[in-house]
Structure formats: C-alpha cells, structure tokens
Amino acid sequence: MLRIGVIGVGGIAQARHLPTFANMKDRVKIQAVSDINSELAQKVATEYDVPVVVQNYEDMFDQVDAVTICTPNKFHANIAIAALEAGKHVLCEKPMALSAQEAEKMVETAKRTGKTLFIGFHYRFMKESQAAKKIMGAGEIGKPLVVRVEALRRRKVPGWGVFTNKELQGGGSLIDFGCHHLDLALWLLGNPEPVEISGATYQDLSTSGDLVNMWGDIDASTFEVDDHATAFIRFRNGASLFLETSWAANVADDKESVRISGDKAGLDVFPFAVYQSKHGLLVDQVPHWLPGPDDPSILQAANFVDSCLGVGEAIVKPEQALQTSRIIDAIYESSLTGKSVRF
Ligand SMILES: NC(=O)c1ccc[n+]([C@@H]2O[C@H](COP(=O)([O-])OP(=O)(O)OC[C@H]3O[C@@H](n4cnc5c(N)ncnc54)[C@H](O)[C@@H]3O)[C@@H](O)[C@H]2O)c1
C-alpha cells in the first residue's frame with residue numbers, strides 16, 4: 001500500500017488526482033493533504049476521508065511514502081526537492097518547474113536519492129498517444145522527418161487561479177498548454193537532441209483591452225504571460241518540428257494535433273490515423289477501437305504507483321521532462337532576443 005499526500009488541493013487535485021487515487025483503494029491510501037488555504041484542505045480531507053491535514057507540506061513527510069504536487073508552478077521545484085530529500089516519491093504536475101535550471105536540480109535530487117520523480121504529462125497516457133508510440137516503436141513510419149504540433153484554443157484563457165501571473169507560472173500558453181503536446185511529440189520521436197530553436201511569443205490578444213474570453217474574465221492590466229507562441233526546432237538527427245500554441249487564437253476552432261511525417265509513412269495522433277503506401281495504393285488506417293481508459297489520469301496514476309512500488313518502469317522520465325523545459329526556455333529566450341538558440 002502506497003501512502004500518498006496531496007500538496008495543493010485546488011482545481012487539478014480535485015478534478016483528477018484525488019478522485020483517481022481514491023479509486024485505487026487496493027494499492028493507494030490518500031494519507032494526507034496540504035494547502036495554504038486550510039479551510040479548503042479541511043473540506044477536501046472530509047470529502048475524501050483523509051486522516052492528516054497540514055498547512056505546511058513538510059509536516060506530512062513522516063506519514064507518507066509519496067506526494068503529488070498540485071500547486072502553482074513556482075512551488076514545484078522547492079516542494080519536489082524537499083520531498084525527494086525526505087525520501088518520498090514525487091508526482092509533480094506539469095510544467096516540471098519555472099525553468100530548466102530548477103528542473104535540473106530536481107533531476108539531480110531524484111538521481112541522488114533514488115526516488116521516483118514523475119511529471120504529470122498525462123497526454124502521453126491518452127489512448128491515441130499510446131497507439132502512436134506502438135506504431136512508432138514498430139518502425140512503421142520509418143525515420144521521422146517533419147513534425148507539426150498545434151495546441152490551439154480559441155479565446156479560452158484560463159480566467160481562474162494564477163495562470164496569467166508570470167512570477168507564479170513562468171509563462172502562459174506555451175508553458176501551461178503547449179507543453180503537453182510538445183512533450184508528447186518529443187516522447188514519440190524518442191526525445192532526440194535539439195540543435196537549434198527559434199521562437200516567437202505574443203501577448204497581444206489578451207492585452208488589447210477588448211478580449212472576448214470563453215473561460216472567465218481576463219484583466220488586461222495584470223496579464224503578464226504569452227497567449228500565443230510559435231517555434232521551429234531542428235534536431236541533431238535531421239528531424240524538424242513546427243509548434244504553434246495559443247490560449248486565445250483567432251482561429252475557426254480549437255485544435256490539438258500532433259502530426260508526424262516519416263520516410264515510410266505518417267501519422268496523426270488526434271484523431272489517430274496512419275497514412276501509408278501499400279501495394280501501389282495510398283492507404284489511410286483508422287482503428288476501429290483503441291484499448292485503454294478514456295481518462296488518461298488513470299493510466300498515469302497506475303504507472304506512477306507501479307514505479308514507486310518497484311513493479312514497473314515510469315513512462316515519464318524526469319530527464320525527458322527536463323528536455324521539454326529546456327526547449328520551452330529556449331523558445332522564450334529566442335522570442336526575447338530575436339535570435340535562434342543553438343545547443
Ligand atoms: N495536467 C493538466 O492538464 C493540468 C491541468 C490544470 C492544472 N495543472 C497544473 O496543476 C497545478 C495547479 O493548477 P490548478 O489549476 O489546480 O491551480 P489552483 O489555483 O486551482 O490550485 C492550486 C492550489 O495550490 C494551493 N497552494 C498554493 N501554494 C501552495 C503551497 N506552497 N503549499 C500548498 N498549497 C499551495 C492553492 O491554495 C490552491 O488551492 C499547476 O502547476 C498547473 O499547471 C495541470
């Protein structure tokens with residue numbers, strides 16, 4: 001039985017972490033919760049029958065085996081490092097940290113302590129992503145050449161929480177939303193080494209003063225992060241990746257797409273399809289059924305618990321999440337300097 005503590009019990013903890021772990025009663029006990037909002041922590045503890053409620057997260061360390069970190073991004077690194085140092089396994093929500101520098105310290109601490117450090121890139125656990133990984137692993141698309149990643153929302157800036165606060169979140173649409181699709185594409189490609197990154201970020205949509213937003217009110221005067229970003233990444237193995245992400249794009253509709261074109265075949269992850277040539281024909285393969293639960297949090301939680309209990313290998317490796325952080329940092333840097341970043 002793995003005793004888990006949940007640190008930060010706001011939106012994502014209540015939507016995903018708490019209900020998912022609560023459904024794993026044969027393997028997991030939600031032993032403790034912590035939030036700087038003690039009233040909220042108490043309410044959640046009552047709802048999920050959690051015995052230990054603390055305001056300072058360190059006070060739960062002697063009563064748990066693992067923690068899940070669901071606080072604003074600014075606190076991810078410090079909490080993760082403290083938990084690892086205390087000998088606890090860590091599931092930390094994405095993005096890994098505010099910067100690659102912080103993420104590096106997290107990786108170093110996990111290596112030294114030998115504990116699981118798992119970043120909540122749950123897009124990897126979607127049925128379509130798992131299918132794409134199988135096809136890529138079987139070599140069916142051959143050598144990946146060109147990758148297109150789109151993570152676009154039309155006028156849906158998160159109007160709750162602290163998502164538009166740069167100090168607490170580190171950035172906007174790129175670090176918060178596009179990070180999932182970028183991480184997924186990198187994982188499907190086998191995390192190749194980037195050699196050059198060029199990026200541009202914008203915040204014009206949300207600061208123009210007349211933003212029509214479907215996900216709550218946005219205050220243009222306190223909006224400090226990107227709401228639209230583009231990037232072009234070249235990898236040492238010759239592959240290249242176009243990225244476009246936005247919380248607020250003026251486009252026809254929302255779009256989440258990871259499209260890989262290889263020298264033998266290509267694939268779309270969402271919706272899943274494989275494009276091949278066979279017997280002189282061009283064939284599109286669309287699965288009749290994809291295995292796995294509809295909610296990727298279930299597979300993610302199971303994989304995390306397997307890793308903590310030493311019965312399975314974590315699908316999200318901290319070094320891979322660090323690479324995603326490095327690329328995000330480089331996109332922000334390139335946008336700021338107007339020059340590409342070479343690795
Ligand atoms: N995987 C996903 O798709 C996904 C979706 C939403 C949010 N997230 C991530 O989850 C994290 C939290 O986002 P959210 O939407 O739940 O935010 P939220 O604001 O709803 O909740 C955060 C909670 O953390 C608490 N908190 C702040 N500092 C704390 C501290 N030092 N110790 C303990 N508690 C603290 C706050 O009081 C709040 O209750 C962010 O990193 C975000 O990127 C991931």
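Quantities reported herein were computed from a predicted structural model and do not represent experimental measurements.
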### Task
For the residue pair Tyr57 and Asp35, confirm or rule out a side-chain donor-acceptor distance under 3.5 Å.
no
### Query
Are the side chain of Lys94 and the backbone N or O of Asp176 linked by a donor-acceptor pair below 3.5 Å?
yes
### Query
Can you tell me if Thr324 and Asp183 form a side-chain donor-acceptor pair at under 3.5 Å?
yes
### Query
Between Ala248 and Val157, what is the shortest heavy-atom contact and its length?
CB-CG2, 3.9 Å
### Query
Is a side-chain N or O of Ser129 found less than 3.5 angstrom from the main chain of Phe125, in a donor-acceptor match?
no
### Query
At what distance, to the nearest 0.5 angstrom, does NE2 of His76 lie from OG1 of Thr71?
4.0 Å
### Message
By the definition side chain to side chain donor-acceptor pair (under 3.5 Å), identify the one residue from Glu319, Gln320, Glu313 that meets it with Lys317.
### Response
Glu313
### Message
On a heavy-atom basis, which atom in Ile315 and which in Phe118 lie closest, and how many Å separate them?
### Response
N-CE1, 4.2 Å
### Stepwise salt bridge (charged side-chain N to carboxylate O under 4.0 Å, His left out) test for Glu39 and Lys43
CA-CA 6 Å; Glu39 212 177 300; Lys43 179 182 146 298; over 6 Å; no
### Query
Hey, does the side chain of Gln130 reach the backbone of Arg124 with a donor-acceptor pair shorter than 3.5 angstrom?
yes
### Task
Output yes when a side-chain donor or acceptor of Asn213 lies under 3.5 Å from a complementary backbone atom of Gly216, and no otherwise.
yes
### Query
Partners of Glu104 by salt bridge (charged side-chain N to carboxylate O under 4.0 Å, His left out), sequence neighbours excluded?
Arg326
### Query
Got a second to check how far Asn73's CG is from Met96's CE, nearest 0.5 Å?
12.5 Å
### Query
Distance from Asp268 atom CG to Ser261 atom OG, nearest 0.5 Å?
10.0 Å
### Task
Tell me, with the steps shown, if Asp62 and Lys88 meet salt bridge (charged side-chain N to carboxylate O under 4.0 Å, His left out).
CA-CA 9 Å; Asp62 60 347; Lys88 309 301 152 192; over 6 Å; no
### Pairing residues for Phe121 by the ring pair (Phe, Tyr, Trp, His ring centres under 6.0 Å) criterion, not counting sequence neighbours
none
### Message
Between Asp227 and Ser206, is there a side-chain donor-acceptor contact under 3.5 Å, judged purely by atom types and distance?
### Response
yes
#### Entry: Least distance between heavy atoms, Ala97 atom then Met106 atom
CB-SD, 3.9 Å
### Task
Check whether any side-chain N or O of Ser173 sits under 3.5 Å from a backbone N or O of Ser246 as a donor-acceptor pair, and report yes or no.
no
### Task
Indicate whether any N or O donor in one side chain lies under 3.5 Å from an N or O acceptor in the other, for Ser340 and Glu196.
yes
### Message
Under a 3.5 Å distance rule, please check whether Asp226 uses its side chain to pair with a backbone N or O of Leu174 as donor and acceptor.
### Response
yes
### Message
Has Gln55 got a side-chain atom pairing as donor or acceptor with Ser38's backbone, closer than 3.5 angstrom?
### Response
no
### Task
Return the minimal non-hydrogen interatomic distance between Ala301 and Phe21, and the atom names on each side.
CB-CE2, 3.7 Å
## Note on the structure
side chain to side chain donor-acceptor pair (under 3.5 Å) filter on Asp49, not counting sequence neighbours, yields none
### Query
So, Thr207 side chain and Gln203 main chain: donor-acceptor pair closer than 3.5 Å or not?
yes
### Query
With ILVMFWY side chains joined below 4.5 Å, transitively, what does Val146's cluster contain besides itself?
Leu145, Phe232, Phe242
### Task
State plainly whether one hydrophobic cluster holds both Val54 and Phe61, where clusters connect Ile, Leu, Val, Met, Phe, Trp and Tyr through side-chain heavy atoms under 4.5 angstrom apart.
yes
### Message
Determine whether a donor-acceptor pair (N or O, by modelled atom type, separation under 3.5 Å) exists between the side chain of Ser34 and the backbone of Ile7.
### Response
no
### Message
Do Gln323 and Asn191 pair up side chain to side chain, a donor and an acceptor below 3.5 Å, judged on atom types alone?
### Response
yes
### Query
Hey, does the side chain of Thr337 reach the backbone of Glu333 with a donor-acceptor pair shorter than 3.5 angstrom?
yes
### Query
What distance separates Ile175 CD1 from Cys179 SG, expressed to the nearest 0.5 Å?
7.5 Å
### Task
Please indicate whether Arg3 has more than 12 foreign heavy atoms, meaning atoms of other residues, nucleotides or ligands, lying under 6.0 Å from its CZ.
yes
### Query
Do the side-chain N and O atoms of Glu256 and Tyr123 include a donor-acceptor pair separated by under 3.5 angstrom?
yes
### Message
Students often mix this up, so state it plainly: with edges at 30° and 60°, are the rings of Trp215 and Trp160 parallel, tilted or perpendicular?
### Response
tilted
## Note on the structure
Asn237 and Pro192 have their tightest heavy-atom pair at ND2-CB, 3.5 Å
### Task
Nearest 0.5 Å please: distance from the CZ atom of Phe304 over to the CG atom of Leu117.
9.0 Å
### Summary
Scanning both residues in full, the closest heavy-atom pair of Leu267 with Val269 reads CD1-CG2, 3.8 Å
### Task
Could I get the full list of salt bridge (charged side-chain N to carboxylate O under 4.0 Å, His left out) partners for Arg154, not counting sequence neighbours?
none
### Task
Any chance you could measure Phe270, atom CZ, to Glu150, atom CD, to the nearest 0.5 Å?
13.0 Å
### Message
My understanding is that only residues two or more places apart in sequence, or in another chain, count here; which of them pass salt bridge (charged side-chain N to carboxylate O under 4.0 Å, His left out) with Arg16?
### Response
none
### Query
Regarding Ser297 and His122, is there a side-chain donor-to-acceptor distance under 3.5 Å anywhere?
no
